[in-house]
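Quick caveat, the model's predicted, so the values are computed rather than measured.
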Amino acid sequence: MARTNYRIGVMLSTTGSYSVVARSMLNGALLAFREINAGRDDIALEPVVVNPAGDLASYRSFSLELLGSGVRHVVGCYTSSSRKEVIPCFEKFDGLLWYPSHYEGFESSDNVIYTGAAPNQHVLPLVDYLASRVGSRAFCVGSNYIWAWENNRIFREALAARGGTVLAERYLSVGDTEVDQVIAAIIDQRPDFVFNNLIGTSAYAFFRAFRAACRARGIDQAAEIPVASCTLSEPELPEIGPDAVDGHLSSSVYFSSLNSAENGAFIRAYTTSFPDGPVSSADAEASYIAVKLLGAALSQAGTDDARTVRAAVADQRLRAPQGEVRIDRQTFHAWLTPRIGRSTVSGQFEVLLESREPIAPDPYLVQSSPRFASAMRSPLLKVVQS
């Protein structure tokens, strides 16, 4: 039987301020390509890898170049600003962007398949955990673009629904590492916790400087003013450094420490394939999932036509490293399993709570009535350890 070869774009910024995560995403995607090509006799997938280096104009030009060369499917983008930049290209030329990153929601496009977490799968579980176990007074920091703006807005409204309050919000340009003023404001306000939406080098500088500033004032930062994120992942922990790596909370659908047969096989294959790192992450797993689902949909569709493949992907089920994953036919976002983890000195996350099962994506939070109340009342997470 002849194999049909499909060229698939992979567009990730493997250099630049958030390159550590993007390189883990590339690894996850390449691993899935290898497994598909080794395990199927009907299709072969040829990755066409491009590196926009964090430049928005380059994302657009690479998208147009890929689509103009006949590529119909592209796995890529990490930041929401890059995704927003390229969606018009995919809509104009009828391609599919497979977006493998957690994001802020409030978006729908017939030309995007979302395999990362929607806000009800990472922001709302984190609010529930913090409000019930940590405190009600938050200080929000973030990189100055749509991800942090929207995530902080959702967080603020959800925390208010739980009787909490956001004391202040501060934003830094992507890549900015001048964090002293923000840290001084946090220590002056003494919130119960910090909600962090900084990305890349800005986040790493913040974690180091915040721990050092607290230590200089006799404050046990991890215990007294913990930092909680929806972005922090394993490959970023070494970037923070050993003096400040532990005690940080992260809301995610995947941690590499998960104890399951599927994750064990994934980690072994990933580590063998990419011994030089970076280690796996939630976004690496989302990239792996995107390519796996794309391969299954292409096989079923028998064509790379975007509309036909989009219809086929909703029929797929995947035993992913995090657990069962499927694409929701209404929203074309993924059913995923929320978890709360805490970073350790070993550079891993210990899982504190996790969902009993995958939960439906709700990118517009329309299933909560009133706005966030039902999601907050729902006993989604079970305690794994305290």
Side-chain angles (χ1 to χ4, degrees), residues 6-19 21-26 28-30 32-33 45-119 143-151 174-175 199-200 231 283-284 286-291 293-294 297-298 304-307 309-310 313 327 331-334 361 363:
Y6 296 108
R7 296 170 63 242
I8 307 298
V10 182
M11 185 167 58
L12 295 163
S13 289
T14 52
T15 58
S17 64
Y18 49 87
S19 62
V21 174
R23 284 187 286 120
S24 79
M25 295 170 75
L26 176 61
L30 292 177
F33 281 115
L45 303 186
E46 177 188 346
V48 182
V49 180
V50 295
N51 171 24
D55 176 65
L56 291 181
S58 295
Y59 276 98
R60 183 176 186 278
S61 62
F62 275 129
S63 295
L64 293 173
E65 180 181 316
L66 289 167
L67 293 166
S69 73
V71 169
R72 301 263 62 81
H73 300 270
V74 176
V75 177
C77 299
Y78 171 64
T79 65
S80 290
S81 53
S82 62
R83 186 189 72 254
K84 294 286 190 183
E85 185 73 18
V86 304
I87 285 177
C89 303
F90 286 84
E91 292 176 339
K92 180 176 182 179
F93 294 101
D94 202 23
L96 267 184
L97 173 66
W98 297 71
Y99 181 61
S101 182
H102 51 272
Y103 88 119
E104 69 284 347
F106 292 88
E107 179 180 289
S108 177
S109 171
D110 289 345
N111 296 84
V112 183
I113 306 294
Y114 303 81
T115 63
S143 294
N144 192 25
Y145 75 109
I146 189 171
W147 155 258
W149 304 336
E150 283 295 288
N151 245 27
V174 174
I199 66 166
T231 52
D283 298 298
S287 301
Y288 176 85
I289 288 169
V291 175
L293 290 174
L294 170 56
L298 285 167
D304 64 353
D305 174 74
R307 295 180 185 276
V309 171
R310 184 175 186 267
V313 75
I327 298 297
T331 66
F332 287 87
H333 290 62

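For S143 (side chain) and V174 (main-chain N/O), no donor-acceptor pair under 3.5 Å exists by modelled atom type. Judged by distance alone, the side chain of H73 and the main-chain N or O of W98 form no donor-acceptor pair under 3.5 Å. Side-chain N or O atoms of N51 include one that pairs as donor or acceptor with a backbone N or O of T14 at under 3.5 Å.
Within the model, atoms OG of S108 and OH of Y114 stand 6.0 Å from one another, a figure rounded to the nearest 0.5 Å.
Of the candidates V10, L30, V75, I8, V75 is the only one forming a side chain to side chain contact (heavy atoms under 4.5 Å, CB included) with V291.
The side-chain heavy atoms of D110 and F332, taken from C-beta on, include no pair separated by under 4.5 Å. You'll find the side chain of M11 reaches within 4.5 Å of the side chain of C77, heavy atoms only. Residues W149 and N144 meet the side-chain proximity criterion, which asks for heavy atoms closer than 4.5 Å. Within the 4.5 Å cutoff, no side-chain heavy atoms of Y6 are placed close to those of L294. Within the 4.5 Å cutoff, side-chain heavy atoms of R7 are placed close to those of S69. L56 has its side chain out of reach of Y145: every pair of non-hydrogen atoms, C-beta onward, lies at least 4.5 Å apart. In this structure the side chain of I113 reaches within 4.5 angstrom of the side chain of I327, judged on heavy atoms. In this structure the side chain of N111 reaches within 4.5 angstrom of the side chain of D94, judged on heavy atoms.
For the residue pair S13 and Y59, a side-chain donor N or O sits within less than 3.5 Å of a side-chain acceptor on the partner. Residues S80 and R83 have side chains that bring a donor and an acceptor to within less than 3.5 angstrom of each other.
Residues I199 and Y18 share a closest heavy-atom pair of CD1-CD2, 4.0 Å. Contact between A29 and S287 at its shortest, heavy atoms only, is N-CB, 4.0 Å.
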Chi angles and distances behind the side chain to side chain contact (heavy atoms under 4.5 Å, CB included) call for V309, R72: CA-CA 10 Å; V309 171; R72 301 263 62 81; over 6 Å; no
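A perpendicular orientation is assigned to the rings of H102 and Y78, their planes being inclined by more than 60° (bins at 30° and 60°).
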